[in-house]
Amino acid sequence: MSEIGRRAVVLGGSMAGVLAARVLAESYGEVLVVDRDTLLGVREPRRGAPHTVHAHGLHARGHLNMEELFPGITDELRAAGVPTGDLGEMRWFFNARKIRPARTGLVSVTAPRPVLEHHVRSRVAALPNVRFLEQHDVLGLVTTDDRERVVGVRVRPRADGAAPQELDADLVVDATGRGSRTPAWLAELGYQRPEEERVKVGLAYTTRHYRLRPEMFDGVQSINPVASPAHPRGAFFGQVGRDVCILSLTGVLGDHPPTDPEGFLAFVRSLPVPDVYDAVHDAEALDDPVSFTFPASVRRRYERLTRMPDRLLVMGDAVCSFNPVYGQGMSVASIEALTLREHLRRGRPPQTGAFMADVSRVIDTPWDISAGGDLDFPGVQGRRTLQVRVGNAYMARVQYAATRDARVTEGFMRVAGLIDPPQALMRPSMVLRVLRHAPLRPAAPPANPSLATPTAGTVAPPAA
């Protein structure tokens, strides 16, 4: 490809930023990735990304996109001991019911997030025109005098007494995550802030690692009782290495899994199915439980702004931060990166308005899935449109039908993995399968009796 600019600067070195750098390297003479942490060679959770200690999965669409950008990376990860498997053959529970496994051909990679980022980042750092500027704070944007175009960024090394410096740029990409300061920077430059949509879920993850024993999983890659309105406590329990497994407990609306070992195990016991407790109640723990809170999913509507400075793009969680239980973040970041590549291949710098409009279209489907699913919980704050209510009623039928029909499981997983749009579940052949097993919205199974009298250290879940 022909070079369309001298230097592009990417703010943020997590997954969205590194994927942006990968495609920008095809069109810019130099790509500079700026981050406040040390990045290269890091395989452990870092201070600037505390959420990476918790369970993550690279599912279906994200895996395919990663292979396109980094050929052979799946084999590389397998060789490093990272588990991979079929998304439909995991042990999934929805509304306390086990769905039928299905061989879908959709690959799920359950690497620890820092390990996956290390492999991806190492591939990008090996590109001759990519450079990482670590341990630097981003102070703000540099624009032309009329503030119509971004021409660089101001940064400062994180060393005592270090002076600020300016980095010239032909393009700036903000991939700094949900704490992005772009809305504030726009206001300082005389532009409007983007509108924000929020779905307040009051989620918390609490995570612990265990020594892996083969009998824990009985041949499956992970065991996942997913939270539902009737059973709001959930878990993701999976293999993440040759001899290590991870257990991330989830609680919504303030019912947060405890961080003391006794309370943590009591929460495990209160899950609506016993599979996870049976596996870990006498297992060797490798660390103490740690927690991470996620108050709300947030979508910033940059595409609705009538004006933005040119040569500034926003990607990843800086645009939309999804409820992490749906496992969409990395896959959506990869789709946005390929969208950026499409704009670059037009042979000119991306136009801010057009790019942000395309990113919004990328976000629409996963946002409808995750935000709509969260709004099925009565206590979650957000706008419940007719589409959301009808969609949730039908999805409950789909999940029940998947307990009886592996073909429904396959269709459901293709939508959850962002391979097919949700409309695929409304095809006549699928609707017939669903309604054959669930003509009405199924009632939830009885709650786990241990939820009625919480053990010390736990919090009773809110009424659904």
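Because the structure is predicted, anything quoted here is derived from the model rather than measured.
Two residues are said to be in side-chain contact when any heavy atoms from C-beta on lie closer than 4.5 Å; Pro157 and His136 meet this criterion. Counting heavy atoms from C-beta on, the side chains of Phe264 and Leu249 come closer than 4.5 Å. No side-chain heavy atom of Asp310 sits under 4.5 Å from any side-chain heavy atom of Glu148. Contact check for Pro114 versus His118: no side-chain heavy atoms found under the 4.5 Å cut-off. Side-chain contact between Pro183 and Tyr302 is present, with at least one heavy-atom pair separated by less than 4.5 Å. Contact annotation: the side chain of Arg22 never approaches that of Val18 to less than 4.5 Å [non-hydrogen atoms, C-beta and beyond]. For the pair Glu303 and Val359, the minimum side-chain heavy-atom distance is 4.5 Å or more. Using a 4.5 Å cut-off on side-chain heavy atoms (C-beta onward), His209 and Val53 make contact.
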Stepwise salt bridge (charged side-chain N to carboxylate O under 4.0 Å, His left out) check, Arg78 with Asp75:
CA-CA 5 Å; Arg78 287 193 185 112; Asp75 290 338; 3.1 Å; yes

Is there a salt bridge (charged side-chain N to carboxylate O under 4.0 Å, His left out) between Arg300 and Glu196 once you walk through the steps?
CA-CA 5 Å; Arg300 296 184 174 112; Glu196 288 189 354; 3.1 Å; yes

Test side-chain hydrogen bond (donor to acceptor under 3.5 Å, both in side chains) applied to Asp86 and Thr104, step by step:
CA-CA 7 Å; Asp86 192 298; Thr104 65; 2.7 Å; yes

Going through the checks in order, is the side-chain contact (heavy atoms from CB on, under 4.5 Å) test met by Arg178 and Phe294?
CA-CA 11 Å; Arg178 62 183 289 126; Phe294 182 89; 3.0 Å; yes

Stepwise side-chain contact (heavy atoms from CB on, under 4.5 Å) test for Val325 and Val226:
CA-CA 8 Å; Val325 302; Val226 179; over 6 Å; no

From CA spacing to verdict: salt bridge (charged side-chain N to carboxylate O under 4.0 Å, His left out), Arg311, Asp170
CA-CA 7 Å; Arg311 307 295 173 88; Asp170 298 307; 5.2 Å; no

Step by step, would you call Asp255 with Arg233 a salt bridge (charged side-chain N to carboxylate O under 4.0 Å, His left out)?
CA-CA 8 Å; Asp255 176 36; Arg233 292 181 172 185; 2.8 Å; yes

Could you go through the side-chain contact (heavy atoms from CB on, under 4.5 Å) check for His119 and Phe70 one step at a time?
CA-CA 10 Å; His119 283 266; Phe70 309 101; over 6 Å; no

Could you walk me through whether Thr110 and Ile246 pass side-chain contact (heavy atoms from CB on, under 4.5 Å), step by step?
CA-CA 10 Å; Thr110 54; Ile246 189 172; over 6 Å; no

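Classification of Arg361 and Asp358 as a salt-bridged pair holds, one side-chain N sitting under 4.0 Å from a carboxylate O.
Classification of the His56-His51 ring pair by plane angle, with boundaries at 30° and 60°, yields tilted. Relative ring orientation between Phe236 and Trp92 is described as perpendicular, the plane-to-plane angle rising above 60° on a 0-90° scale split at 30° and 60°.
To the nearest 0.5 angstrom, Met315 atom CE is 12.5 Å from Met15 atom CE. Taken to the nearest 0.5 Å, the CZ atom of Arg149 stands 10.0 Å off from the CG atom of Leu171. Distance check: Asp168 CG to Glu30 CD gives 10.5 Å after rounding to the nearest 0.5 Å. Atom CD of Gln387 sits about 10.0 Å away from atom CG of Asn392, to the nearest 0.5 Å. How far CG of Leu39 is from CZ of Arg46: 5.0 Å, rounded to the nearest 0.5 Å. Taking CG of Leu11 as the start and CG of Asp137 as the end, the distance is 11.5 Å to the nearest 0.5 Å.
With hydrogens and angles ignored, the 3.5 Å screen pairs a side-chain donor or acceptor of Ser248 with a backbone N or O of Ala55. Of the possible polar contacts, none joining the Arg304 side chain to the Pro194 backbone as a donor-acceptor pair under 3.5 Å is found. Under a 3.5 Å cut-off, the side chain of Arg36 and the backbone N or O of Val138 do not form any donor-acceptor pair. Put simply, the side chain of Ser370 gets close to the backbone of Pro366: a donor and an acceptor are under 3.5 Å apart. The backbone N or O of Leu313 sits nowhere less than 3.5 Å from a side-chain atom of Thr352 that would complete a donor-acceptor pair. Under the 3.5 Å distance criterion, the side-chain polar atoms of Gln221 are left unmatched by any main-chain donor or acceptor of Gly238. Between the side chain of Ser331 and the backbone N or O of Gln328 there is no donor-acceptor pair closer than 3.5 Å. Distance alone, capped at 3.5 Å, places no donor-acceptor pair between the Tyr191 side chain and the Leu305 backbone. Side-chain atoms of Thr206 do not come within 3.5 Å of backbone N or O of Thr259 as any donor-acceptor pair.
Pairs engaging residues 354-377 under the ring-ring contact (aromatic ring centres under 6.0 Å, His included) rule: His343-Phe355 [sequence neighbours left out]. Applying the ring-ring contact (aromatic ring centres under 6.0 Å, His included) definition to pairs two or more places apart or across chains, none involves residues 27-47. The stretch residues 3-25 participates, sequence neighbours left out, in no ring-ring contact (aromatic ring centres under 6.0 Å, His included) pair at all.
Taking every heavy atom of both residues into account, Pro272 and Ala96 meet most closely at CB-CB, 3.7 Å. Closest of all the heavy-atom pairs between Pro309 and Val150 is CB-CG2, 4.0 Å. Considering every non-hydrogen atom in both Gly379 and Leu253, the closest pair reads O-CD2, 3.4 Å.
Between Ser180 and Asp174, the side chains place a donor N or O and an acceptor N or O closer than 3.5 Å (distance only, hydrogens not considered). In summary, the side chains of Arg299 and Ser360 do present a donor paired with an acceptor at a separation below 3.5 Å, with no hydrogens or angles considered.
With sequence neighbours left out, Phe412 forms a ring-ring contact (aromatic ring centres under 6.0 Å, His included) with Phe94. Contacts of Arg242 classified as side-chain contact (heavy atoms from CB on, under 4.5 Å), with partners at least two apart in sequence or in another chain: none. The side chain to side chain donor-acceptor pair (under 3.5 Å) search around Asp160 returns none, not counting sequence neighbours.
Of the listed residues (Val42, Val33, Asp37, Thr38), just one forms a side chain to side chain contact (heavy atoms under 4.5 Å, CB included) with Glu134, and that residue is Thr38. The side chain to side chain contact (heavy atoms under 4.5 Å, CB included) test with Ser108 singles out one residue from Met413, His63, His59, and that residue is His59.
The environment of Arg156 atom CZ is sparse: at most 12 non-hydrogen atoms of other residues, nucleotides or ligands sit within 6.0 angstrom.
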